[in-house]
Amino acid sequence: MQKLANYIDGELIAPLSGNYIDNYNPAEGRVYSMLPDSGTEDVRVAVDAATRAFPAWSAMPVDKRSALLLKIADLIDRDLDKLVRAESTDSGKPLAQARRLDIPRAAANMRFFATGAIHFSSEAHVTGSDAVNYTLRTPVGVAGCISPWNLPLYLFTWKIAPALAAGCTVVAKPSELTPMTAFLFSQLCIEAGLPKGVLNIVHGLGNKAGQGIVEHPHVSAISFTGGTVTGKRIASTAAPMLKKLSLELGGKNPNVIFADCDFDKALETTIESSFSNQGEICLCGSRIFVERAIYERFLEQLIKRTRSLVVGDPLEEKTNIGALISGAHMKKVLGYITLAREEGGEVLTGGKPVKLSGRCQMGYFVEPAIIAGLGPDCRTNQEEIFGPVVTVMPFDTEEEVIAAANSTNYGLSATVWTENLKRAHRVAAHLKSGIIWVNCWLFRDLRTPFGGMKQSGVGREGGWEALRFFTEAKNVCVRL
Ligand code: NAD
């Protein structure tokens, strides 16, 4: 069975303990490879390598750093098919989605920040004829980047690309549930000639390898994407150490559909925003609010379209919904279906495990579910399920739907459907979410700030925000 390796100081090496963790193929429900069970000692070696590499990497002319990162992007493109298959196998997501979204976006992340860093500039403030102040932006040092399993290479590169482009060296940990594409990525870094120690990838469990990165005194900044509970734990370690911290956490996002929307577009996009990646995207719209005038019609069409989605082998092109990430996660998702019933909800379609035949007979498949009859305050509508489960609720007024949409502890993203321009701007301004889509979903301009409010996180990624996060601002005041 294939044993993945850590990427430390430019080499692919085994964990110091010699211990490995099973890596599952979620569509088959069986172990297909093993990843290093790294501990604090592996992290220490990785941080030492990153510390040694920092002076030369941060001093390297930005166009040379940029060229190396662009080369890695080109290698991702070259290996598209291999990476797509690996991502689908490792995470259970449909191959077609990995090809359309995950892997191209990983290459785009590398290119965006490789070229962005060349254009990054700092400010100068002229204080009349008395002084000139200018801001020096220097890389923070060794950055820790910790990413989740739902968009593995996409979110991994979303963090390490700006860190490396800004001149930081990095110790990164992908999710223990989806280590494969980060491992393949480390091979591409070697091939591209990335200097040793600039990027180090330590595989393993969150509470060992991940916690080791967060606790290490020479890691100056932590960029984390994952669950809110984990984010709080990381903050409780990193905040007293006064580390820079960026936390991209969970969501329970509202999808608000007014009667004056473009009905067909809203319906088609709602199918995507509800069930893409099996609902395992932090930005999925899991609470659907529909204005009463079109509620019955919309719901009827939504059920019909949802029933036509193909739950199946992720490697088959016709599959819309692949496997959930793990048996434990499948149990959690099904547990929420039970909870929804207990809370008085009616499951209008789906919500049952799917038993496939052939190689996928032991896989973690669940029918996409639509639940109605619940109010906005119940647990089903307040807690993140992170699976192919949505609730649908009618509303009568703009004020009412804004209050309901804002009623959770989360504030990551929201979607608004209306052809009334004034209303679109008004509602967007009142929604407590870091990202608001009007008449679209998931469309991203990588230059815009990305991040959540409330329990969905602290800090912003994307564009200059990310390059600012990985640099320290120093003001130099020159008295004239
Ligand atoms: P998770 O919090 O369980 O794990 C995320 C990463 O943190 C993994 O690499 C894990 O090993 C590591 N980790 C766990 N405990 C740690 C610790 N004590 N110290 C350091 N690292 C630790 O999250 P997950 O289950 O992998 O991902 C799903 C969650 O991620 C969902 O809540 C989803 O909403 C969220 N998410 C948020 C965004 C966003 O941009 N806001 C994007 C994707 C996913």
Side-chain angles (χ1 to χ4, degrees), residues 21 23 26 35-40 43 90-91 93 101-102 105 109 144-160 171-179 182 201-216 219 222-238 241 243 245-253 276-286 324-326 328-330 332-333 383-387 408-413 433-435 442 444 449-462 465-466:
I21 305 165
N23 186 29
L35 65 135
D37 183 7
S38 309
T40 46
V43 170
D90 216 27
S91 67
K93 71 177 69 218
L101 179 70
D102 293 67
R105 176 58 192 276
N109 289 340
C145 297
I146 301 174
S147 50
W149 50 260
N150 63 323
L151 298 165
L153 194 62
Y154 170 140
L155 289 174
F156 184 79
T157 49
W158 183 234
K159 296 188 175 304
I160 62 154
V171 178
K173 196 197 85 64
S175 169
E176 59 273 34
L177 299 177
T178 51
I201 303 176
V202 182
H203 292 277
L205 300 173
N207 57 14
K208 282 170 72 177
Q211 186 71 20
I213 295 172
V214 178
E215 282 173 357
H216 197 294
V219 176
I222 301 289
S223 174
F224 169 79
T225 298
T228 296
V229 173
T230 316
K232 288 181 182 176
R233 166 113 194 256
I234 287 174
S236 73
T237 306
M241 297 176 83
K243 295 189 180 202
L245 202 50
S246 164
L247 300 171
E248 300 293 341
L249 310 178
K252 186 73 180 176
N253 311 308
S276 284
N277 207 45
Q278 303 73 243
E280 296 168 327
I281 299 182
C282 54
L283 305 166
C284 278
S286 51
L324 297 187
I325 187 67
S326 66
H329 190 56
M330 176 169 161
K332 175 188 154 187
V333 170
E383 297 175 15
E384 185 184 45
I385 299 174
F386 216 53
T408 74
N409 287 329
Y410 294 105
L412 187 54
S413 74
S433 299
I435 304 142
L442 211 60
R444 284 276 298 134
F450 177 93
M453 295 181 177
K454 301 194 274 181
Q455 306 272 304
S456 290
V458 178
R460 292 290 178 273
E461 298 185 316
E465 304 276 348

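For this chain, numbers begin at 1 and follow the sequence in order. Order of listing sets the numbers, starting from 1, for every ligand and every atom in it.
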N150 versus N277, side-chain donor and acceptor atoms under 3.5 Å: no
Exam field: side chain E215 to backbone T237, donor-acceptor pair closer than 3.5 Å: no
Under 3.5 Å: donor-acceptor pair, side chain of K243, backbone of V219: yes
Donor-acceptor contact below 3.5 Å, side chain S38 vs main chain H203: yes
Under 3.5 Å: donor-acceptor pair, side chain of K173, backbone of G204: yes
Backbone N/O of G411 and side chain of S456: donor-acceptor pair under 3.5 Å: yes
Close approach, G231 and ligand 1, non-hydrogen under 4.0 angstrom: no
Between W149 and F386, ring centroids under 6.0 Å: yes
Which residue and heavy atom of the protein sit nearest atom 15 (N) of ligand 1, plus the separation: T230 CG2, 3.2 Å
Atom 44 (C) of ligand 1: the protein heavy-atom neighbour that sits closest, reported with distance to 0.1 Å: N150 OD1, 3.5 Å
Proximity of A209 to ligand 1 by residue part, where a heavy atom lies under 4.0 Å: neither
Test item: side-chain donor near acceptor, K159 and S223, under 3.5 Å: yes
Element-labelled atoms of ligand 1 that are located less than 4.0 Å from some non-hydrogen atom of I146: 6 (C), 7 (O), 9 (O), 12 (C), 20 (C), 21 (N)
S147 touching ligand 1 at heavy-atom level, < 4.0 angstrom: yes
Atom 41 (N) of ligand 1: nearest protein contact (heavy atom, Å): L249 O, 2.7 Å
Ligand-side contact atoms (ligand 1) for residue partner P174, heavy atom cut-off under 4.0 Å: 9 (O)
Per-residue contact class, L155 against ligand 1 - non-hydrogen pairs under 4.0 Å: side chain
Protein residue, atom and distance nearest to atom 18 (N) of ligand 1, heavy-atom basis: Q211 OE1, 3.0 Å
Nearest protein heavy atom with distance in Å, relative to atom 38 (C) of ligand 1: C282 SG, 3.0 Å
Part of V229 within contact of ligand 1 (heavy atoms, under 4.0 Å): neither
L412: numbered ligand 1 atoms lying under 4.0 Å from its heavy atoms: 41 (N)
Side chain to side chain contact (heavy atoms under 4.5 Å, CB included) partner of F156, chosen from I146, I201, T225: I201
Shortest reach to atom 24 (P) of ligand 1 by a heavy atom, considering only W149, W158, F450: W149
Polar side-chain atom of N23 near backbone of T178 as donor-acceptor pair, under 3.5 Å: no
Main-chain N/O of I435 paired with S433 side-chain donor or acceptor, under 3.5 Å: no
Identity and separation of the nearest protein heavy atom to atom 13 (N) of ligand 1: G206 CA, 3.3 Å
Proximity of R233 to ligand 1 by residue part, where a heavy atom lies under 4.0 Å: side chain
Any protein heavy atom nearer than 4.0 Å to atom 27 (O) of ligand 1: yes
Set of salt bridge (charged side-chain N to carboxylate O under 4.0 Å, His left out) partners for E384, sequence neighbours left out: none
Backbone or side-chain N or O of G227 under 3.5 Å from ligand 1 N or O: yes
Nearest non-hydrogen protein atom, atom 10 (C) of ligand 1: E176 OE1, 3.6 Å
Part of T225 with heavy atoms under 4.0 Å of ligand 1, whether side chain, backbone, both or neither: both
Atom 7 (O) of ligand 1: nearest protein contact (heavy atom, Å): F224 CE1, 3.1 Å
Polar side-chain atom of R105 near backbone of W158 as donor-acceptor pair, under 3.5 Å: no
Heteroatom proximity flag, E384 to ligand 1, N/O under 3.5 Å: yes
